[in-house]
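Note sheet for the following structure.
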Amino acid sequence: MSEHASHHDDPWSHVPPPSPWPVLFTGSLCVAVFGTLANMFESGFFWNNDSLVMFVGIFLSLFTLMGWGHQIIKEKAISHDLDQQQSDLKLFTLMFFVSEALAFGTIFGYYYIRAFATVGFVRPDDIHLGGWPVAVATILLITSSLTCEFAHKAVEHGRKSQARLLLLLTITLGFIFLYAQGKEYGELIIQGFWPGNYEAVEYNAFSSLFYISTGFHGVHVATGLLMLILVWLRMELGHFTQKRHFSVVAASWYWHFVDVVWVLLFISIYVMVK
Amino acid sequence: MSTETPIEAAPMPPIKRHTGIMDILTTVDHKKIGMMYFWTALIMGLIGGGMAGAIRFQLATPGAVIENLQAVVAGTKTSEQVWALFSTAEGEKFNMMTTMHASIMIFAVIIPAFAAFANYVVPIMIGARDMAFPKLNAFAFWLLIPAIILMSGSFFVEGGAASSGWTAYPPLSLQGAGVNPGQDMWILAVHFGGMSSILGAINFIVTIANMRCKGMTWGKLPLLAWAVFITSIIQLMGTPVLGAAVTMLLFDRNFGTGFLDASRGGDPSLYQHIFWFYSHPAVYIMILPGFGALSHILASFSSKRIFGYFAMVAAIAAIAVLGFMVWAHHMFTIGMPTWMNAYFMVASYGIGVPTGIKIFSWLATLWGGKIRFTTPMLFAIGAVSLFVLGGFGGLILATVPSDVQLHDTYFVVGHFHYTLVGGSVMIIFASTYFWWPKMTGRFLNETAGKICAAFMYFGILLAFGTMHYTGALGMARRVGFYREEFTHLNHITTLGYTLSAIGAVILFVSIVVSLFKKKNATSNDPWEINDIQQSFEWAIPSPPPPYNFETVPPIPVVDQMPKGH
Ligand SMILES: [Cu+2]
């Protein structure tokens, strides 16, 4: 009759209990953002404790997010309709990637239009971008995508020790990538290549784009690493079965996504020079 | 048609739920969240509408300035002295009002109001017990609150609220960087609102794609669900682009980057391209759910099924696709190459085709129907006619030569208010009157409703019709002062505003009064439409019980396209 019959076979399969976490998480984000804003303008708005408010807000945000995650993990343990849930979560993740892709797409769009269709977007001649450390980091990140995929397969086949090894390898490669990127940032900043350096104002647009694209990507790498570490911990706690391990799927998809974005960034910014 | 017998209901699992304020804070029920969206939109609507009032009354009585202009003509004051007024606190406050009126109306009223009906009605319509991700649904709602706090709070910080228009074009929006936080608060509010939009959109996409009940195939999906589904795709694809644009602005203001600041190698016109790549589709985010609701209301009170179901769905999809291909028609005066102007002009005309298909399908739905002029029906018919007027203004503005003349005049303001107030807000009123008996079990007063519809319709017609004329004569928008010859026209516009404001107050009072009345719409189908409409929400009690249905919805899914049609 219908392709989605399974959902209604269990009449109470979709009866979620109330949750305090969405409102608590929003409130914490509020505190973090208001604290940051007050801090940025040195307003002393929170009785001269602006930076304290900011850090408390960030801490509370992470805490409430974990509380939310904990409630979801607990609920899943008692839920019945596995297929429905997996298909919902997969579609959610794909849609989330669409929005991420559009955000990155805007940055790429800005880059290509500025670099190839308008004036005033000057690439510095005297500053060397990339080189072999970036090339090696790129190869390592691509490798980590493969190890991550094999880790996912290992979880699917219930080979726990293999999955552990591959996950830890992926995490290590990710950290090496972040280290390489941080090192490159450091070297570039020493050479005066940073947005807001008014002595090199002619490079400002290019350096802004360079830092926002690689930086936004770096934030994604860090998020992906956090996800992979959580996945590893949950695997050690025995949360996954061969059929039920959506966190592994999501983390590995996310990692592939981050990898693909990096390859595109690498080609655009380091390789394709006008 | 679903012919299986419903399976036996299992006993309701024991779920601890809170009451009172704790219930509001912790609920994940799509119906309660829908009501929370509704109340937020209603209260913010009064505030945003009040700001429109402040704008209108400034423009009705810019007396001091007219005297000043006369003084310039008489030679007793220099034009520099008078020009200085435009940058004084008065002029600045006026610009804050226009900026925040627009931002609040878009992000805190129209989008949440449609989110309210989508949340309440769509899961029931598709036979689901709740949204796919109920907690995420609550989160998407709560994210609106920081956005509202940031926008409203920005009036009280140093330098006041953002005053660079809701479009926040640089370099104007780069003014006061590092000193006045108003614009930065606006940017962060857009981030919060955008996050809310994206998460809500993903939730609707997954819900409608995955949670449809037995027999509810895509070809049988009610039009509101289709409209919300396609709107969600637009939101999902557009909002990240807006987020990136305002983030560039935030970085340029605070962290020394040079994306958009021309003095640092940035490209301010590229901001306009990125901004409108989101914001043209955003106008469809604000009208397409309304098109869906309109189809239900017009069909219901014509005692017919909707005419041209398939064409309606195809037209919504076509509008969504074309919507991403026409953004630069807002920028004909920035000096684009002629071929680009020509392309965006013709592509913008193209939107008229699917829109026309929808309008004619609605007219064909009315044709030969047994029409009942209830309040929702009056609002719906009014909305169609006002939206058509707005559409014609849009054709004139999409034409490059006339747009160059009319750009940034009140003609533009009149045009988009016809579509957003005459269209979206009228449809929100219609939907409120239509679904309120289902949502609360209480009818809103019908007599007051008809008076309200008249005030709204004629108020909108007068206010924004006059604006077209004022604009064609050359009055610039976003300026709190004008030449004396526009005085009478501005008085007429303010009169129109007052009429529609009275209409809005009537709705608000009706809603409050209804809450104190006994439940008088206790039947499942208070409008007596469901023999023909066969929609799930009219087959369950008013208001619906928690979790909507015990097993499967109590009536079969019907074909949207009757045989032999
Ligand atoms: Cu447009």
Side-chain angles (χ1 to χ4, degrees), chain A residues 1-2 4-5 7-12 14-23 25-27 29-30 33 37 40-41 43 68 71-72 84 87-88 91-92 95-96 98-100 102-103 105-107 109-110 113-114 118 120-122 195-197 201-209 211-212, chain B residues 2 4 7 9-10 12-13 15-18 25-28 129-130 132-135 138-139 142-143 145-146 149 181 184-185 188 198 202 205-206 209-217 236-237 239-241 243-245 251 254-259 264-267 270 274 547 550-552:
Chain A
M1 202 71 219
S2 155
H4 299 298
H7 171 54
H8 283 279
D9 289 349
D10 175 7
W12 298 114
H14 195 66
V15 186
S19 169
W21 298 111
V23 69
F25 183 47
T26 312
L29 281 179
C30 245
V33 168
L37 201 64
M40 257 162 53
F41 285 88
S43 67
W68 187 340
Q71 193 190 10
I72 291 176
Q84 173 77 27
S87 114
D88 286 356
L91 189 57
F92 172 87
M95 290 299 117
F96 180 72
V98 170
S99 79
E100 290 267 58
L102 263 295
T106 312
I107 295 172
Y110 183 95
I113 291 168
R114 288 310 306 278
T118 63
F121 192 72
V122 186
N197 179 3
V201 76
E202 68 272 26
Y203 309 140
N204 203 326
F206 179 78
S207 71
S208 304
L209 192 275
Y211 283 104
I212 206 173
Chain B
S2 171
E4 286 123 289
I7 48 175
M12 179 88 172
I15 284 189
K16 199 171 142 277
R17 267 183 291 149
H18 306 279
L25 291 175
T26 62
T27 188
V28 295
R129 207 166 281 120
D130 206 313
F133 303 106
K135 284 192 272 297
F139 183 47
W142 288 114
L143 280 173
I145 304 298
I149 294 173
D184 303 293
M185 290 170 83
L188 291 169
I198 292 174
I202 297 181
I205 291 173
V206 177
N210 275 5
M211 309 277 293
R212 286 167 289 124
C213 69
K214 280 183 187 181
M216 180 66 76
T217 56
L236 179 72
M237 295 179 64
T239 319
V241 179
F251 281 30
N254 297 296
F255 307 120
T257 57
F259 292 108
R264 279 180 272 150
D267 188 342
L270 198 50
I274 302 173
Y547 306 116
E550 283 197 329
T551 51
V552 286

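Ranked by heavy-atom pairs shorter than 4.5 Å toward chain A, the options Ile145(B), Thr27(B), Leu188(B) are led by Leu188(B). The greatest number of non-hydrogen atom pairs below 4.5 Å with chain A, out of Ile198(B), Leu25(B), Asp267(B), Val28(B), is found for Asp267(B).
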Checking side-chain contact (heavy atoms from CB on, under 4.5 Å) for the pair Leu270(B)/Thr118(A): CA distance, chi angles, key distance, verdict? CA-CA 10 Å; Leu270(B) 198 50; Thr118(A) 63; over 6 Å; no
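Here Phe139(B) contributes atom CZ and Phe25(A) contributes atom CZ; the two are 4.5 Å apart, rounded to the nearest 0.5 Å.
The two residues Pro20(A) and Thr26(B) make their nearest non-hydrogen contact at CA-CG2, 3.8 Å. Looking at every heavy atom in both residues, Gly266(B) comes nearest to Ala205(A) through N-CB, 4.5 Å. In this structure, Met211(B) and Asp88(A) approach most closely via the heavy-atom pair SD-OD2, 3.8 Å. Of all the heavy atoms in Pro146(B) and Cys30(A), the pair that sits closest is CB-SG, 3.4 Å. The shortest non-hydrogen separation linking Met95(A) to Ile202(B) is CB-CG2, 3.7 Å. Scanning all heavy atoms of the two residues, the minimum distance from Lys135(B) to Pro22(A) falls at O-CG, 3.5 Å.
Looking at Ser99(A), its side chain never comes within 3.5 Å of a backbone N or O of Leu236(B) through a donor-acceptor pair.
Contacts between Leu91(A) and chain B at a heavy-atom distance below 4.5 Å involve backbone atoms as well as side-chain atoms. Interface residue Leu209(A): backbone and side-chain heavy atoms are both found under 4.5 Å from chain B. Using a 4.5 Å cut-off between heavy atoms, Phe206(A) does not touch chain B at all. Proximity to chain B (any heavy atom under 4.5 Å) is restricted, for Trp68(A), to the side chain, taken from C-beta onward. Contacts between Tyr110(A) and chain B at a heavy-atom distance below 4.5 Å involve backbone atoms as well as side-chain atoms. With a 4.5 angstrom heavy-atom cutoff, Phe255(B) touches chain A via backbone and side-chain atoms both.
Shown here are the side chain to side chain donor-acceptor pair (under 3.5 Å) partners of Thr257(B), two or more places apart in sequence or in another chain: Asp252(B). For Phe41(A), the ring pair (Phe, Tyr, Trp, His ring centres under 6.0 Å) test picks out no residue, with sequence neighbours left out.
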